[in-house]
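Step one of this worksheet: look at the structure below.
Position 1 is the first residue of the sequence, and the numbers go up from there.
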Amino acid sequence: MKRFTTILIPFAAAIVTLLLLFLTIPKAESRIRVSRDESQNYKQSVHLVAVGDSLTEGVGDETKRGGYVPLVADSLQQNYELSSVEKDNYGVSGERSDQILKRVKKDSDLRNSLASADLITMTVGGNDLFQAFQKNLTAKNAKQFDRPIKKYGEYVEDILTEMRELNPKAPIYVVGIYNPYYLNFPDIKAMQTVVDNWNKETESITKKNSNSFFVPVNDLLYKGIATEKSSETTETTDSSSSEVRNNVLYDEDNFHPNNLGYQLMATAIREKIVDTKDLWLLKENN
């Protein structure tokens, strides 16, 4: 019992911290270079619609431009020599999958944008996970999160179905979630397992839906990036405590990505979009 209590206390502390910090995401620039193939019947302009939570809204983006969305759009415009990339950002901080589904069904502006989109991106799941932690503060293992994961999956399935009814052809890129507390609570394996299981559910659903793709970002963000001065992290100490900081997360909350984190995120999304360019870049009569 003492051993279990010792394990449970830091897990509960991590979840309490999660309750205080949860919300959004900022920006990025890709190093990948692609070129326009003039032999192809490519479009001159494309329409990008971004849907989701705070990660799409761009909370924490110090440039105030809207997180990963302008980074992806600017990169595609430059590298494919497009005359323009029209971008609509429908990210709302704090929204869960059921709330995103409601907007996709009810918001006429969003529905019109989705219907005319050439490509669609979505961030979803972080707030669902946050709610699940709230309701399972005394969880003993990751399996206690199986039911909320299944319920979340049903909402995501409905979102993709609704989007596909509005737009039969545009590829949809669904971004995974990440564990911002790994460096502070590396011994709590259950937390990472829950994040992994959440992402597996999202990936499974996208695979079952036509022209839908999962974009994993956890491995890019949860450990930070190693530098010459420190391996992975910055550690700050005072007389009584030591805090490990992830160098790709926003300093204000140590939870959302900072500009470097958004760059990593945008690059991952862009890579998947480039790999599937014939689905959104080719004119329909080709």
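- Contact annotation: the side chain of Gln192 approaches that of Asn218 to within less than 4.5 Å [non-hydrogen atoms, C-beta and beyond].
- Ala115 and Asn167 get closest at one heavy-atom pair: O-ND2, 3.4 Å.
- A 4.5 Å side-chain heavy-atom check between Glu86 and Val46 finds every atom pair outside the cut-off.
- Atom CD of Glu154 and atom CD1 of Ile205 lie 8.5 Å apart (nearest 0.5 Å).
- Annotation: ring-ring contact (aromatic ring centres under 6.0 Å, His included) contacts involving residues 105-129, sequence neighbours excluded, are absent.
- For the 3.5 Å distance criterion, the side chains of Tyr68 and Thr123 fail to qualify, holding no donor opposite an acceptor.
- Here the closest non-hydrogen pair linking Asp107 and Leu110 is OD1-N, 3.1 Å.
- Taking 4.5 Å as the limit, every side-chain heavy atom of Val195 sits out of range of all side-chain heavy atoms of Tyr178.
- Contact of the Ile172 side chain with the Phe213 side chain is not registered, since no non-hydrogen atoms from C-beta on lie closer than 4.5 Å.
- Panel note: side chain Asn141, backbone Ala190; no donor-acceptor pair is recorded below 3.5 Å.
- Residues Val85 and Leu279 fall within the same hydrophobic cluster, defined by Ile, Leu, Val, Met, Phe, Trp and Tyr side chains chained together at heavy-atom separations under 4.5 Å.
- Here the NZ-OG1 distance, from Lys200 to Thr193, works out to 8.0 Å after rounding to the nearest 0.5 Å.
- Residues that satisfy the side chain to side chain donor-acceptor pair (under 3.5 Å) test with Thr276, not counting sequence neighbours, are Tyr173.
- Going from atom CE of Met163 over to atom CG of Leu114 covers 5.0 Å, rounded to the nearest 0.5 Å.
- Atom CD of Glu95 sits about 8.5 Å away from atom CG of Asp53, to the nearest 0.5 Å.
- The six-membered or imidazole ring of Tyr80 lies near that of Trp280, with a centre-to-centre distance under 6.0 Å.
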Using the side-chain contact (heavy atoms from CB on, under 4.5 Å) rule, take Leu82 and Ser45 through it: C-alpha gap first, then chi angles, then the decisive distance, then the call. CA-CA 5 Å; Leu82 298 166; Ser45 63; 5.7 Å; no

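- In this structure the side chain of Val175 never reaches within 4.5 angstrom of the side chain of Leu55, judged on heavy atoms.
- Between Lys143 and Asp146 a salt bridge is recorded (basic side-chain N to carboxylate O distance below 4.0 Å).
- Smallest separation of non-hydrogen atoms from Asn127 and Gly94: ND2-C, 3.3 Å.
- The ring-ring contact (aromatic ring centres under 6.0 Å, His included) analysis of residues 148-167, with sequence neighbours excluded, yields the pairs Tyr152-Trp198.
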Applying side-chain contact (heavy atoms from CB on, under 4.5 Å), run through Leu160 and Val174 and close with a yes or a no. CA-CA 10 Å; Leu160 294 179; Val174 184; 4.1 Å; yes

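- Looking at Lys43 and Asp118, their side chains come closer than 4.5 Å, going by heavy atoms from C-beta outward.
- Considering only heavy atoms from C-beta on, Glu203 stays 4.5 Å or farther from Asn199 through its side chain.
- The NZ atom of Lys87 sits 12.5 Å away from atom CG of Leu119, with the distance rounded to the nearest 0.5 Å.
- Between Arg103 and Val92, the closest side-chain pair of non-hydrogen atoms falls below 4.5 Å.
- Sorted by first and then second residue, the side chain to side chain donor-acceptor pair (under 3.5 Å) pairs with a member in residues 204-213 read Glu157-Asn209; sequence neighbours excluded.
- Expressed to the nearest 0.5 Å, how far CD1 of Ile269 lies from CG of Leu48 amounts to 9.5 Å.
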Checking salt bridge (charged side-chain N to carboxylate O under 4.0 Å, His left out) for the pair Asp74/Arg65: CA distance, chi angles, key distance, verdict? CA-CA 12 Å; Asp74 291 350; Arg65 295 182 64 214; 2.8 Å; yes

Test side-chain contact (heavy atoms from CB on, under 4.5 Å) on Met122 and Ile159; report intermediate values, then the result. CA-CA 10 Å; Met122 179 169 65; Ile159 292 171; 3.7 Å; yes

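- Scored by the salt bridge (Lys or Arg N to Asp or Glu O under 4.0 Å) test, Asp88 finds no partners at all (sequence neighbours excluded).
- In terms of hydrophobic clustering, with Ile, Leu, Val, Met, Phe, Trp and Tyr side chains grouped at heavy-atom distances under 4.5 Å, Val51 and Phe214 are assigned to different clusters.
- Ala170 and Ile120 get closest at one heavy-atom pair: CB-CD1, 4.2 Å.
- Residue pairs that meet the salt bridge (Lys or Arg N to Asp or Glu O under 4.0 Å) test with at least one member in residues 158-168, sequence neighbours left out, are Arg111-Glu162.
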Would Thr56 and Tyr90 count as a side chain to side chain donor-acceptor pair (under 3.5 Å) if you check the C-alpha gap in whole Å, the side-chain angles of each, and the deciding distance to 0.1 Å? CA-CA 7 Å; Thr56 293; Tyr90 289 94; over 6 Å; no

